Asker: 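The following block contains the structure, expressed as structure tokens.
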Amino acid sequence: MAEAQPRTSSVSATDAAVDIIKMNKWYGDFHVLRDINLKVMNGERIVIAGPSGSGKSTMIRCINRLEEHQSGTIIVDGIELTNDLKKIDEVRREVGMVFQHFNLFPHLTILENCTLAPIWVRKMPKREAEEIAMHYLERVKIPEQANKYPGQLSGGQQQRVAIARSLCMSPKIMLFDEPTSALDPEMIKEVLDTMVSLAEEGMTMLCVTHEMGFARQVANRVIFMDQGQIVEENEPAAFFDNPQHERTKLFLSQILH
Amino acid sequence: MSTQEIGFVRADLLPPRPAPQRSGSAIGWIRANLLATPMDVVLTVLAVALLLWSVPGMLSWLFFEAVWSGENREACLTMAQGGVQPDSWNGACWAFVGDRFQQFMFGRYPIEERWRPILVTVMFIGLLAPILTPRLPYKGWNALALFVVFPILAFFLLHGGTFGLERVETPLWGGLMVTLILSFVGIAVSLPVGILLALGRKSDLPVIRLFCVTFIEVIRGVPLITVLFMANVMLPLFLPTGWTIDNFLRALVGVALFASAYMAEVVRGGLQAIPKGQYEGADSLGLSYWQKIRLIIMPQALKLVIPGIVNTFIGLFKDTSLVSIIGMFDLLGIVRLNFTDTDWITPVTPITGLIFAGFIFWLFCFGMSRYSAFMESHLETGHKR
């Protein structure tokens, strides 16, 4: 499985949400991502696992060009990512991202955090943006916090706001970069519940996470990365119960007690 | 497992209790803060002695012995010196300040035209007060009026030459008016230019970065006096013959550029304190570069460096007195000019004038300082925890 079958870009844009073909990235001389091939269909939910430093975060950050890839092709929602800033902005409008450290804007209220991008990027009238924001804040179950500042909320609440903030842009694809790693154990569940309900609605999701229970529950596919490569890729049941690669077995034995 | 011995299990949770009372009496406070240890007692006694020794003399010189009215220098001279005061007299000569007050404010601006700077001042206060009050609306229009419309109006009003107003050349301007104009323009120009320079210094484009770094380092590495001299003496050499630029305008440009370079470094300090996640959060939402800077990065960066910004403003305000070097008379310059006025030459005139000038400078600087402290607490959104 180490050498995934090479794909051509002949896939039509309608069914592939993300198509990564032979993508490589270096930090200076360090080869962080090596020949990544990954195709994610619309509505698919992918969980990416792997030891720290394996390039999982870097890979999903390439999908909305927070990181630049140096060779290969990334096509997101039918748009190929190049240096063209317009294309990058187009992709970012359709791709939501949730970060490990939330990255809420501390100088704006919760409501303002959620309405900022719809108003400025989608040119939505303020009132409409606020209605949508309140709708999503209700969905993540914190409408009563709308007028507080992020610094006044708990970690779990902040992460749910971050999810709502992304959803306000009605993205086609959601990226989750270790969304529960910075949370207290008591708060992990509330964030995972939000993500599960999102998955149930058919959102295309790519999640970097160590929550293997979540992976089992919602993922269509689990991808295991090590040393900048996709080492193994399988359905969750098969992935957890019958890992093929030695490195996968070692990893699973260490995180599943 | 059920037989395991557990040493201590709390049956119910403790209710919260009130904090211990602090002794409210004055004596208790003095004991705790001034007389707690023998060392404290010694320091307190010394401090009180110092105050007793210095304050009465100061008050008497400044107020009780001071001369408050008088026509000329005789009011502030002792009999031995040819005046009216007893020989042992020593006090401030506020009569001098009172007599020359108009000049300290307006310089040699023609007396019958002084309603013009007064009108400008009224307009300025009328526009500044609402923009400094956070809860008043229409900040955008207010800023437009203050930073675009007001300067143009003020220029035509003060300089004249059109609309039937008599022309008043800038060499006649002086006093606090010049100090305030230089500071206002310096502040209004240096903040936006400083922000652009700071962004340019962090730019990915090498040409822009090189330009900004060069500008900042050259201006910052040169004393303000040099910049002013260069603007005054060197600039005409480079201009085609027949071209002249107003002296005052040169000083304005010099002061504004100088302050911009300092401001750029202050703002850059703020930019560096913004976590990378804020940039990424904004990027991931699809905000453009300028939206990201304007809506996310700058509001936070500027808030962080309010003390540094106000520090630069205060420095700029006081540095304007250096223009007296190139033949202009700001507040300090015009006060010093009056020391040699034969009507008011007395031994106490210089010190009185300097105290007055210092007090006016202090008033403005202290005002800025208090306002910045207010803004800092006003903008606090609880994320510093």
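Chain naming here is simple, since letters A, B, ... match the order of the sequence lines and numbering starts at 1 in each. All of these numbers come straight from a predicted model, not from anything done at the bench.
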Asker: Verify side-chain contact (heavy atoms from CB on, under 4.5 Å) between A:H69 and A:I20, making sure each step is shown before the conclusion.
Answerer: CA-CA 11 Å; A:H69 62 286; A:I20 303 176; over 6 Å; no
Asker: Side chains of A:L153 and A:F102: does their closest heavy-atom pair fall under 4.5 Å?
Answerer: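 Side-chain contact under 4.5 Å: no.
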Asker: Can you tell which of A:L175, A:L85, A:L116 has the highest number of heavy-atom pairs within less than 4.5 Å of chain B?
Answerer: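 Greatest number of close heavy-atom pairs with chain B: A:L116.
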Asker: What's the spacing between A:I173 CD1 and A:E94 CD if we round to 0.5 Å?
Answerer: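 Here the interatomic distance stands at 8.5 Å.
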Asker: Counting heavy-atom pairs under 4.5 Å with chain A, which one of B:G281, B:S288, B:P299, B:A282 comes out on top?
Answerer: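 The option with the most such pairs is B:G281.
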Asker: Select, from A:A117, A:P171, A:S166, the one with the greatest count of heavy-atom pairs under 4.5 Å involving chain B.
Answerer: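 Ranked by heavy-atom pairs under 4.5 Å with chain B, first place is A:A117.
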Asker: Side chain, backbone, both or neither: which part of A:F99 has a non-hydrogen atom closer than 4.5 Å to chain B?
Answerer: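 The side chain, not the backbone.
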Asker: For A:L104, is it the side chain, the backbone, both or neither that has a heavy atom under 4.5 Å from a heavy atom of chain B?
Answerer: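 Contact with chain B: backbone only.
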Asker: What part of B:E280 lies closer than 4.5 angstrom to a heavy atom of chain A: side chain, backbone, both or neither?
Answerer: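 Both backbone and side chain.
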Asker: Quick one: which of A:R93, A:R165, A:R122, A:K148 has the most heavy-atom pairs under 4.5 Å with chain B, could you say?
Answerer: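 Sorted descending by pairs with chain B, the first entry is A:R165.
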Asker: Could you check whether any side-chain N or O of B:Q300 sits under 3.5 Å from a backbone N or O of B:I296, counting only pairs where one atom can act as donor and the other as acceptor?
Answerer: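 Yes: the side chain of B:Q300 pairs with the backbone of B:I296.
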Asker: Below 4.5 Å, heavy-atom pairs only: which of A:M169, A:H101, A:R92 has the largest tally toward chain B?
Answerer: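 Maximum pair count with chain B is reached by A:R92.
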Asker: Is it true that A:T109 and A:N147 share a donor-acceptor pair across their side chains at a distance under 3.5 Å?
Answerer: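 Their side chains do not contain a donor-acceptor pair, so the 3.5 Å distance test is not met.
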Asker: Determine, step by step, whether A:T204 and A:K172 satisfy the side-chain contact (heavy atoms from CB on, under 4.5 Å) criterion, reporting the C-alpha distance in whole Å, the side-chain angles of both residues, the deciding distance to 0.1 Å, and the verdict.
Answerer: CA-CA 7 Å; A:T204 311; A:K172 294 181 181 152; 6.0 Å; no
